[in-house]
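Remember, it's 1-based here, ligands and their atoms both numbered in the order they're listed.
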Amino acid sequence: MKLDSYWTDSAPAFAGRADELPSRADVAIVGGGFTGLSAALAVARRGASVVVLEAGERVAAEASGRNGGHVNNGLAVDYAELAAKVGVERARAWYRAYDEAVDTVERLVRDEGIDCDFLRHGKLKLATRPNQMAALERSAQRLVADGVDPEVEILDAARVRAEVQSDRFHGGLLYKRSGQMHMGRFALGLAAAAERKGAQILTGTPVQRIERLGRSHAHRLHTWRGSLEAQQVLLATGATRHGGYGSFGWLRRRIVPIGSFIVVTESLGAARAQALLAARRTYVTVANIHHYFRLTADHRLVFGGRARFAVSSPQSDAASGEILRAGLAQTFPQLGDVRIDYCWGGLVDMTQDRLPHAGERDGLYYSMGYSGHGTQMSVHMGERMAAVMAGDGDANPWRDRDWPAIPGHFGPPWFLPAVGMYYRLKDRLA
Ligand SMILES: Cc1cc2nc3c(=O)[nH]c(=O)nc-3n(C[C@H](O)[C@H](O)[C@H](O)COP(=O)(O)OP(=O)(O)OC[C@H]3O[C@@H](n4cnc5c(N)ncnc54)[C@H](O)[C@@H]3O)c2cc1C
């Protein structure tokens, strides 16, 4: 078993042409995940000079290369609860931002000819207890009644059993606009497209400090390669572990890096995979500590979850892999003989309200906090923040929102075990 991401292991790494830090650029982007690469492509397309500085040795090797492979529509929070808090109009607009984000990914895949097995087969949210069906039905009714997502559909237990070979589920809610793709191959295609349009992408280049030049948007970025002066800077650093607290401290006090973990089986073969998940959708169970799964094009099962409330490290990933293996066996006992080929973890950039945050502070632009729903939103927001930096403030669907610091959160998330205990108890009592 490899303690490595299937997506990065099964895709060639992007080998960029840039190897020297230029001294100036119109736009500098800190972070070469999907947010940063998508922004770089959009900035380069309008003819501005843009440099991406990525700390790791490979682009999109953090969350963007370590996720579950779902490109889902729908919010990370319950639509009706959100509408009660912020009003129907805002909640509807934010829900639709996810639809647009899936469209953005699909458009880029098509326009740039990215070979990444993109499919739109929908997402099925699965009830693991009979009493969860009432909540799913209420959600579906509300999404239809408010004209937010008229295509959602409730599937009863028999219909779910016809497409998911497991006795665990009591029905589900189908979101038809959701998709899926191979994250490693998408990353390669996105980076190559940005470079073709003129972006310079430098890996192995952590930004250590950012210095504001006067009161403008211009900054000097300090790295071991030297410094770069940019007229505008976008922070696309996700749940960053790089960079000193000085330049990034404000963001770190607002983002909790939470570990999520994944195992991938050996290929099940076409026939066995087809029998297991006939509709080849993305699947998520209803729970605070949930499971998510899907098949790959080469017929493996990708099975993930927030197995433990811990941050990701090789030991932590292996321990979580054992917990996930048990979850997989409980869901699909018929796969008991199947080998696990990959196991890894990654950090989700969770925010307190579980919504993304994007905007500008002290002359620096930022977009992050996708809270586990970010493969589509990061790509979308990269484009949108490029438009914001070009002067179109309305392009940012998450504008004009407060983003208070999380009380007591200054650095490593010491409170995760307690949060985990709370959610496990909540799931048991639900
Ligand atoms: C295990 C897991 C499963 C997930 N599953 C799903 C899913 O199925 N569907 C979904 O929608 N979302 C999922 N997500 C979330 C999704 O992957 C992320 O929201 C999205 O990829 C975020 O992209 P990003 O570019 O903003 O951040 P990242 O991909 O984390 O990229 C940020 C980059 O910034 C770099 N960086 C940080 N600091 C510095 C610095 N100082 N200098 C230079 N570079 C720096 C990092 O090295 C990193 O490469 C999952 C996340 C995880 C961890």
Mutual orientation of the aromatic rings belonging to Tyr79 and Tyr95 [parallel < 30°, tilted 30-60°, perpendicular > 60°]: perpendicular
Distance-only N or O hit between ligand 1 and Ala55, under 3.5 Å: yes
N or O pair under 3.5 Å between Gly345 and ligand 1: no
Minimum non-hydrogen distance to atom 25 (O) of ligand 1, winning option of Phe261, Tyr366, Tyr370, Phe34: Phe34
Any N or O of Asn67 closer than 3.5 Å to N or O of ligand 1: yes
Proximity flag Met368 to ligand 1, non-hydrogen atoms under 4.0 Å: no
Cation-pi, Tyr342 ring and Lys2 (6.0 angstrom, 45 degrees): no
Min N/O separation Thr35 to ligand 1 under 3.5 Å: yes
Location of contacts on Thr237 toward ligand 1, heavy atoms closer than 4.0 Å: both
Residue among Arg107, Arg185, Arg196 satisfying salt bridge (Lys or Arg N to Asp or Glu O under 4.0 Å) with Glu112: Arg196
Winner among Val102, Val379, Thr375 once heavy atoms are compared against atom 16 (C) of ligand 1: Thr375
Gly33, Ser38, Ser64: member with heavy atom nearest to atom 29 (O) of ligand 1: Ser64
Arg66 N/O under 3.5 Å from ligand 1 N/O: no
Trp344 touching ligand 1 at heavy-atom level, < 4.0 angstrom: no
Aromatic ring proximity His182/Tyr6, centre distance under 6.0 Å: yes
Arg401 to Trp94, cation-pi by 6.0 Å centre distance and 45° axis angle: yes
Geometric cation-pi criterion Arg254 and Trp250, 6.0 Å radius, 45° cone: yes
Which segment of Ala236 sits under 4.0 Å of ligand 1 when only heavy atoms are counted: backbone
Backbone or side-chain N or O of Glu62 under 3.5 Å from ligand 1 N or O: no
Under 3.5 Å: N/O of Ala61 near N/O of ligand 1: no
With Glu360 via side-chain hydrogen bond (donor to acceptor under 3.5 Å, both in side chains) - residues at least two apart: His217
Whether His357 and Trp403 hold their rings parallel, tilted or perpendicular, with breakpoints at 30° and 60°: parallel
Heteroatom proximity flag, Gly374 to ligand 1, N/O under 3.5 Å: yes
Ring centre gap for His291 and Phe293 strictly below 6.0 Å: no
N or O contact, Gly36 vs ligand 1, cut-off under 3.5 Å: no
Distance-only N or O hit between ligand 1 and Ala239, under 3.5 Å: no
Ser378 contact mode with ligand 1 (heavy-atom cut-off under 4.0 Å): side chain
Trace of the salt bridge (charged side-chain N to carboxylate O under 4.0 Å, His left out) decision for Arg177 with Glu100: CA-CA 10 Å; Arg177 296 175 189 165; Glu100 288 169 20; over 6 Å; no
Candidate pair Arg281 and His70, rule side-chain hydrogen bond (donor to acceptor under 3.5 Å, both in side chains), full reasoning: CA-CA 9 Å; Arg281 306 188 199 280; His70 298 205; over 6 Å; no
Region of His70 that comes within reach of ligand 1 [heavy atoms, distance under 4.0 Å]: both
Part of Leu37 with heavy atoms under 4.0 Å of ligand 1, whether side chain, backbone, both or neither: neither
